[in-house]
Novice: 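Structure in structure tokens, see below.
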Protein chains: 2
Amino acid sequence: MIRVILFEDNKNMRESLSLYLASSDGIWFAGAFPDARNAITSVKKFKPDVILMDIQMPQVSGIEATIEIKKVYPNVKILIQTIYEDDDKVFQAICAGANGYIIKSTKPENYVNAIKDVFVGGSHLSPIIAAKVLAMFQHQFVRIQPTYIELTQREKEILTCMVKGMSYKMIADACDIKFSTVCTHIKNIYEKLHVNSAPEAVVKALEMKLV
Amino acid sequence: MIRVILFEDNKNMRESLSLYLASSDGIWFAGAFPDARNAITSVKKFKPDVILMDIQMPQVSGIEATIEIKKVYPNVKILIQTIYEDDDKVFQAICAGANGYIIKSTKPENYVNAIKDVFVGGSHLSPIIAAKVLAMFQHQFVRIQPTYIELTQREKEILTCMVKGMSYKMIADACDIKFSTVCTHIKNIYEKLHVNSAPEAVVKALEMKLV
DNA sequence: GGCTAAATCCCTAATTTTAGGGAGTGTACT
DNA sequence: AGTACACTCCCTAAAATTAGGGATTTAGCC
């Protein structure tokens with residue numbers, strides 16, 4: 001049996017969800033709360049395996065509650081359930097440590113599926129949310145290089161050293177070349193990247209993921 | 001009806017999946033292929049809405065095929081189905097533009113659910129995969145600040161200017177303070193961040209997401 | 001062979017940054 | 001009333017970076 005508690009400010013929603021969960025196989029519904037002000041004590045008292053958490057609640061938001069609970073009970077699974085599907089909320093929820101994110105419009109059996117998924121260590125994301133997460137993920141990692149910049153092997157090597165915060169002298173040592181050669185390379189790098197200083201070059205290198 | 005094609009090198013798997021999909025409601029199964037060498041021409045010919053793609057295939061991997069197909073047909077939905085659940089494969093698949101990732105052990109009806117999810121613009125991730133994605137996501141974005149560093153408002157402002165590649169003089173102008181004050185602030189910043197140069201400070205600022 | 005690009009080296013001089021030091025103002029908290 | 005801290009400013013001098021210029025060697029390509 002999976003012990004579940006619910007945080008949800010909307011009375012109707014809270015009562016109907018409670019009823020549904022209480023009558024679901026494999027779920028032991030331990031309690032429902034209209035706000036998350038005493039979330040920690042509730043968790044301590046009811047020892048849930050999975051928490052269903054609304055985002056929009058008076059006093060303490062579901063995001064804040066998630067952060068607090070995860071700090072003290074990192075193994076409790078938290079399933080966000082909300083009507084919000086904007087990037088920011090999704091982003092915050094994930095960063096807070098949520099184990100799943102389902103939108104409220106889903107069929108009630110999806111709640112049970114999601115609870116079972118997160119209980120065994122998986123995550124459950126509604127398709128719309130999953131799409132958002134993947135999009136954010138790609139945006140983060142896929143290299144966008146509109147202006148294709150060609151740095152030579154040596155130049156990349158030296159740029160990498162600069163990113164590490166090394167001085168010209170240290171770079172010369174590390175690459176086993178003369179100080180003056182480092183100067184030359186860096187001059188060329190600046191020209192190729194259209195920058196005029198080390199910090200600028202470093203920022204550009206990082207954002208273009210050249211190194 | 002959702003037009004679906006399948007890339008899968010394992011004969012048994014290919015045939016049983018084909019059978020199952022061909023008999024599923026709402027799905028028009030258009031074809032199955034043992035490798036992805038002519039993926040583009042197959043897509044052109046069969047005009048699928050959704051492609052089921054294995055990762056491990058001879059000649060051309062499912063990841064490579066995904067990249068190629070997405071380049072030409074960005075609107076075709078690609079659903080990765082594989083036995084691999086290691087971080088690297090998941091990561092690559094997502095970066096390649098996959099719209100979903102399901103592991104082969106799932107029940108056949110999950111295939112149909114996933115196909116329907118991606119067809120309407122959502123994404124579908126198996127719980128284990130979703131958990132991995134969320135973990136990677138958190139790892140990327142959650143600020144790990146073991147050494148809690150407090151920069152004052154002004155210091156953050158100046159650090160931001162440095163990240164933009166501005167010189168001391170430009171910063172002084174921008175913040176409407178004297179050059180010497182900029183020096184003082186930067187000295188303090190270096191002390192707080194335990195660095196000795198502008199590039200280092202910039203890198204640290206970015207990786208600690210202080211700015 | 002001639003050409004090009006990468007990589008190496010050197011010089012000078014201007015400019016910028018960094019490392020010391022000290023010092024005054026205002027605000028907020030105790 | 002006193003203290004702490006953020007913010008401001010100044011000075012000097014050493015160190016590092018940037019901007020010019022030019023030069024050689026090696027390797028690959030036509």
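Naming convention: chains lettered A, B, ... in sequence-line order (proteins, then strands); numbering from 1 in each chain.
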Novice: For A:Cys183 and for B:His185, locate the closest nucleotide of DNA chain D by heavy-atom distance; then report the residue assigned to the nucleotide nearer the 5' terminus.
Specialist: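 Counting from the 5' end, the first nearest nucleotide belongs to B:His185.
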Novice: Look at the side chain of A:Gln153 and decide which nucleotide, out of D:dC7, C:dC10, C:dA7, has an atom nearest to it.
Specialist: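 Nearest to the side chain of A:Gln153 among the choices is C:dA7.
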Novice: When you measure from the side chain of B:Phe179, which nucleotide among D:dT17, C:dC9, C:dT17 comes out closest?
Specialist: C:dT17
Novice: Check the distance between C:dA7's P and A:Asp176's CG and give it to me in whole angstrom.
Specialist: 15 Å
Novice: When the distance from CG of B:Asn196 to C1' of C:dT17 is rounded to whole Å, what number comes out?
Specialist: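 Distance, rounded to whole Å: 12 Å.
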Novice: If I take atom OH in residue B:Tyr190 and atom C1' in nucleotide D:dA16, what distance separates them, rounded to the nearest angstrom?
Specialist: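 Answer to the nearest Å: 12 Å.
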Novice: Which nucleotide in the set D:dA19, D:dT8, D:dA16 lies at the smallest distance from any side-chain heavy atom of A:Lys187?
Specialist: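 Out of D:dA19, D:dT8, D:dA16, the nucleotide with an atom closest to A:Lys187's side chain is D:dA19.
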Novice: Would you mind reading off the distance between A:Glu157 atom CD and C:dA7 atom P, rounded to a whole angstrom?
Specialist: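 After rounding, the reported distance stands at 9 Å.
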Novice: Taking only the side-chain nitrogens and oxygens of B:Ser167, find out if one of them lies under 4.0 Å from OP1 or OP2 of C:dT16.
Specialist: no
Novice: For A:Asp49, is there an ion pair with A:Lys77 - N to carboxylate O distance below 4.0 angstrom?
Specialist: no
Novice: Rounded to whole Å, how long is the line connecting atom CG of A:Leu159 with atom C1' of C:dA6?
Specialist: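 Rounded to the whole Å, the gap is 17 Å.
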Novice: Compare the minimum distances between each of C:dA19, C:dC9, D:dT17 and the side chain of A:Ser180, then state the nucleotide with the smallest one.
Specialist: C:dC9
Novice: Are A:Tyr101 and A:Phe91 an aromatic pair by the rule of ring centers under 6.0 Å?
Specialist: no
Novice: Where the side chain of A:Thr152 is concerned, which of C:dA7, D:dA6, C:dC9 is the nearest nucleotide?
Specialist: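 Nearest to the side chain of A:Thr152 among the choices is C:dA7.
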Novice: Which residue, A:Met13, A:Gln81, A:Arg14, forms the side-chain contact (heavy atoms from CB on, under 4.5 Å) with A:Asp54?
Specialist: A:Gln81
Novice: For the side chain of B:Thr184 and the base of D:dC9, is some donor closer than 3.5 Å to an acceptor across the two?
Specialist: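 Indeed, a donor on one side and an acceptor on the other fall under 3.5 Å apart.
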Novice: Considering only NZ, NE, NH1 and NH2 on the basic side and carboxylate oxygens on the acidic side, decide whether B:Lys187 and B:Glu155 come within less than 4.0 Å.
Specialist: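 The answer is no: the pair does not qualify as a salt bridge.
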Novice: Rounded to the nearest angstrom, tell me the gap between atom CD in B:Glu191 and atom C1' in C:dT17.
Specialist: 17 Å
Novice: Establish, with yes or no, whether the OP1 or OP2 oxygen of D:dC9 is under 4.0 angstrom from a side-chain nitrogen or oxygen of B:Thr181.
Specialist: yes
Novice: If you measure from the C1' atom in D:dA19 to the same atom in C:dC10, how many Å do you get, rounded?
Specialist: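 One C1' to the other, the span is 15 Å.
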Novice: For B:Lys178 and C:dG22, give me the distance from atom NZ to atom P, rounded to whole Å.
Specialist: 23 Å
Novice: Using a cut-off of less than 4.0 Å, is there contact between a side-chain N or O of A:Lys169 and OP1 or OP2 of D:dA16?
Specialist: yes
Novice: Quick check against the 3.5 Å criterion: does A:Ser126 have a side-chain atom that pairs as donor or acceptor with the backbone of A:Ile129?
Specialist: no
Novice: Roughly how many Å is it from CD in A:Glu200 to C1' in D:dT17, rounded to a whole number?
Specialist: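 Rounding to the nearest Å, CD of A:Glu200 and C1' of D:dT17 are 14 Å apart.
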